[in-house]
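To start, the structure itself, in structure tokens.
Computation of the quantities below employed the complete heavy-atom set of this structure, encompassing side-chain atoms and omitting hydrogens, waters and symmetry-equivalent molecules. Since the structure is predicted, the reported quantities are computational estimates derived from the model, not experimental observations. Residue numbers count from 1 along this sequence.
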Amino acid sequence: MPRPASLRPAAGLRAVTTLDELRKLHQKKHREQQSAFLVEGEHLVLELQKAAERDPRLRASELYVSQEHAGWRAPFPVHVVGARQMAQL
């Protein structure tokens with residue numbers, strides 16, 4: 001089952017918008033360049049949501065999910081991507 005993935009852009013920076021940019025976040029140099037990170041897995045996404053309640057900077061997060069998680073409730077935007085695209089992340 002594909003897992004939800006979430007991304008947090010730093011305040012004031014543009015959001016990572018392409019799947020290729022998301023994929024690059026697996027490498028430290030790209031995370032530092034984008035001032036963003038990738039969180040994968042249901043448990044870590046839930047932890048990010050809890051942390052966003054306490055830290056307003058984390059509310060700039062965006063959630064990328066497969067179709068089976070399309071109804072995921074989050075305090076930040078949810079983007080649905082195809083299963084094939086999710087597998088490439």
So, [X] side chain and [Y] main chain: donor-acceptor pair closer than 3.5 Å or not?
{"X": "Gln49", "Y": "Phe76", "result": "no"}
{"X": "Arg59", "Y": "Glu53", "result": "yes"}
{"X": "Gln34", "Y": "Arg31", "result": "no"}

Rounded distance [0.5 Å steps], CD in Gln27 versus CD in Gln33: 9.5 Å
dist His30:NE2 -> Asp20:CG (nearest 0.5 Å) comes out at 9.0 Å
Distance only, no hydrogens: is a donor on one side chain within 3.5 Å (strictly under) of an acceptor on the other, for Glu42 and Trp72? no
Could you tell me which non-hydrogen atom of [X] sits nearest to which non-hydrogen atom of [Y], and how far apart they are?
{"X": "Val45", "Y": "Leu63", "answer": "CG1-CD1, 3.6 Å"}
{"X": "Ser66", "Y": "Met86", "answer": "N-CE, 3.4 Å"}
{"X": "Pro77", "Y": "Ser61", "answer": "CD-O, 3.4 Å"}

Start with the C-alpha distance between Glu47 and Lys50, add both sets of side-chain angles, then the distance that settles salt bridge (charged side-chain N to carboxylate O under 4.0 Å, His left out), and finish with yes or no. CA-CA 5 Å; Glu47 290 298 317; Lys50 282 192 244 178; 3.2 Å; yes
Would you mind reporting whether Glu21 and Leu25 have side-chain heavy atoms less than 4.5 Å apart? no
Beyond-backbone contact of Val81 with Val65, side-chain heavy atoms, under 4.5 angstrom: no
